[in-house]
Amino acid sequence: MSRNVAQLFVDTLVDAGVSRVWGLPGDSLNAFGEAMRRDGRLEWIHVRHEEVAAFAAGADSAVAGGLAVAVGSCGPGNLHFINGLYDAHRNRTPVLAIASHIPLEQIGSGYFQETHPQDLFRECSVYSELVSDASQLPWVLETAMRAAVENDDVAVVVVPGDVFYADAPDRRASAPIRRSRPVVVPGDDELRRAAELLDGADRVTILAGAGAAGAHDEVVALAKRLQAPVVHALRGKEHLEHDNPYDVGMTGLIGFASGYRAMLRADALLVLGSDFPYRQFYPEDARIIQVDLRGEQLGRRTPIDLGLVGDVGPTATALGRHLRARTDGDHLEDSLRHYRRTRKELDALADDDGKAPIHPQYLTRLLSDRAEDDAVFTADVGSPTVWAARYIRMTRDRRLLGSFNHGSMANALPQALGAQAEDRDRQVISLSGDGGLAMLMGDLITAVQNHLPVKVVVYDNASLNFVELEMKAAGLPTYATDLENPDFAAVARAMGMTGIRVEDPADLPDAVDRLLAADGPALLDVVCAREELALPPSIEAAQAKGFALWALRTVMSGRGDELLDLADTNLWRRLASRGGAIPAR
């Protein structure tokens, strides 16, 4: 019995290990949806916005470790993918986007809902192609899927709705598409050169990122041999922070002073699988050796003395065999002491001082302490990412996902849905900003409708909080950042979820316990301090000047109460965290 193109798609996806697709139905997808319905092996997770489908597919892929699929109807339907696909592209997670198109004979006529998706998605994908004839299949589909899984990237297949109905070509089955697992290690000459540079240095620091996934033990062993502190980039936190006696925290705009200092004082920096983008945080005078599986990444963030192409784990092991074992640990001990002092100050800021509104640090540490050891956390861009980076404690089995490269608002809820679909018994917690949640709030219904028991925590500070901080650092009065929020807990209850709202810090521990114990999806709306400062590890002169200008302009514009709130929220607590006396208010 012949099969049509839609059934060919279903068969090929199932053979590749795909078990679900994310998206919204539409007339140009009807043949594909009907093939899924009749076949029964794929689950369609119905979202309320295609952007959510793309974000969720990216998180699904990241947690499952394989190919995820998003499907969208022609024109505006699949165009909504763009932000989520950009995020998956920049996070390097394999996603196949099936973008249906207008009828083949109408392409080029300005037909209803006509776009050119194969061109529009090209910048955020490794492969993007239009199927204009059934004879192109299964070649185009298989090429797209292989491109996605081998490059950890997005691939897009554009299919006119009428082509889905066409008979599929008759071709013998190809092997199911699975990612190959080659091991790449630099040559001995390159490793010896790296060892010479590192052995010749007095103070070595390691900077490790997402490319160190799966290489925790090898990086720790290398740090021991080098007596090197390990600084992690944000995407390296989930892979390297736990069970690591050499960890000294994060660097960057939302990092720790200790991580910044450990890099600044190094005379040799070993970069392992990191594309850390902020050039001002790299040391200027240190020798730099960079290891990355993608050769095109080498030296694009800072000048390097040696670039090595290789997998981080095997390369770290091979490099260790060429290194002398160090006995001088002064740089490491100095960095660890500074980290302990920095960590103590940060933890003091997360103590409950009994005052409302609630400090977001306190909320985040409570969540970290009470969540399960294999919980998946997702964090919205902005202040939730800051607090997650500083207060969510990683274990070997916890995950932390976010839009850490693309920097999109509203990512946390969709990514939580994607992670939860992979394992409905695993605890998944979305750290959502009030602005981010409001942007895609309709997909709270997706959690209810698809029985996805995500736990959503809203940092409700009635503002675009991190945007305000950026304005203050630039010396500008805050403008157009106010948010008139609903009672998010009441909204959640109206959608069929458990909804809890907290304004008093005394009620927070019990509320967190209720949230995490809830049967099914649940939301905790926490009224948080708006003026909490998330200061970077190194305040540049321009930023200090900016804050002074902001203070002056704020007073002159008649909004001096903001300054009082800022001092009340931050100054006294920061003095206390350093062991100073707390002034009378």
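Residue indices begin at 1 and follow the sequence shown.
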Peer 1: Applying ring pair (Phe, Tyr, Trp, His ring centres under 6.0 Å), name anything that partners Tyr339, two or more places apart in sequence or on another chain.
Peer 2: none
Peer 1: Using the ring centroid of each side chain, check whether Tyr282 and Phe276 are separated by less than 6.0 Å.
Peer 2: yes
Peer 1: Show every donor-acceptor pair shorter than 3.5 Å between a side-chain atom in residues 185-196 and any protein atom, with sequence neighbours excluded, or say none if there are none.
Peer 2:
unit_1	atom_1	unit_2	atom_2	d
Asp189	OD1	Arg192	NH2	2.5
Glu190	OE1	Gly187	N	3.1

Peer 1: Which residue, Asn465, Asp380, Thr364, forms the side-chain hydrogen bond (donor to acceptor under 3.5 Å, both in side chains) with Tyr459?
Peer 2: Thr364
Peer 1: Enumerate the side-chain hydrogen bond (donor to acceptor under 3.5 Å, both in side chains) contacts for residues 219-235, please, sequence neighbours excluded, ordered by first and then second residue.
Peer 2: His232-Asp247
Peer 1: Walk me through whether Asp374 and Arg398 qualify under salt bridge (Lys or Arg N to Asp or Glu O under 4.0 Å).
Peer 2: CA-CA 4 Å; Asp374 68 344; Arg398 281 182 173 180; over 6 Å; no
Peer 1: Does Arg203 offer a backbone N or O that forms a donor-acceptor pair with the side chain of Arg265 under 3.5 Å?
Peer 2: no
Peer 1: Report, as yes or no, whether the 6.0 Å neighbourhood of atom CD on Glu284 holds more than 12 heavy atoms from other residues, nucleotides or ligands.
Peer 2: no
Peer 1: Is there a side-chain contact between Val456 and Leu524, using heavy atoms and a 4.5 Å cut-off?
Peer 2: no
Peer 1: Only one of Leu226, Leu207, Thr205 forms a side-chain contact (heavy atoms from CB on, under 4.5 Å) with Leu270, so which one is it?
Peer 2: Leu226
Peer 1: For Leu332, is there any backbone N or O sitting under 3.5 Å from a side-chain donor or acceptor partner on Tyr246?
Peer 2: no
Peer 1: Taking distance alone, no hydrogens or angles, what donor-acceptor pairs closer than 3.5 Å link side-chain atoms of residues 142-151 to residues at least two apart or in another chain?
Peer 2:
unit_1	atom_1	unit_2	atom_2	d
Glu142	OE1	Arg171	NH2	3.2
Glu142	OE2	Arg171	NH2	2.9
Thr143	OG1	Trp139	O	2.8
Glu150	OE1	Ser180	OG	2.8
Glu150	OE2	Ser180	N	3.1
Glu150	OE2	Ser180	OG	3.2
Asn151	ND2	Ala147	O	2.9

Peer 1: Residues in ring pair (Phe, Tyr, Trp, His ring centres under 6.0 Å) with His216, at least two apart?
Peer 2: His242
Peer 1: Please check: side-chain N/O of Asp60 versus main-chain N/O of Ala56, any donor-acceptor pairing under 3.5 Å?
Peer 2: no
Peer 1: In terms of the angle between their ring planes, are Tyr260 and Phe281 parallel, tilted or perpendicular, with boundaries placed at 30° and 60°?
Peer 2: perpendicular
Peer 1: Please check if the side chain of Asp311 supplies one atom and the backbone of Val184 the other of a donor-acceptor pair under 3.5 Å.
Peer 2: yes
Peer 1: Keeping the roles fixed (side chain from Asp275, backbone from Gln297), state whether a donor-acceptor pair exists under 3.5 Å.
Peer 2: no
Peer 1: Enumerate the residue pairs fulfilling salt bridge (Lys or Arg N to Asp or Glu O under 4.0 Å) with a member in residues 399-412, sequence neighbours excluded, ordered by first and then second residue.
Peer 2: Glu238-Arg399
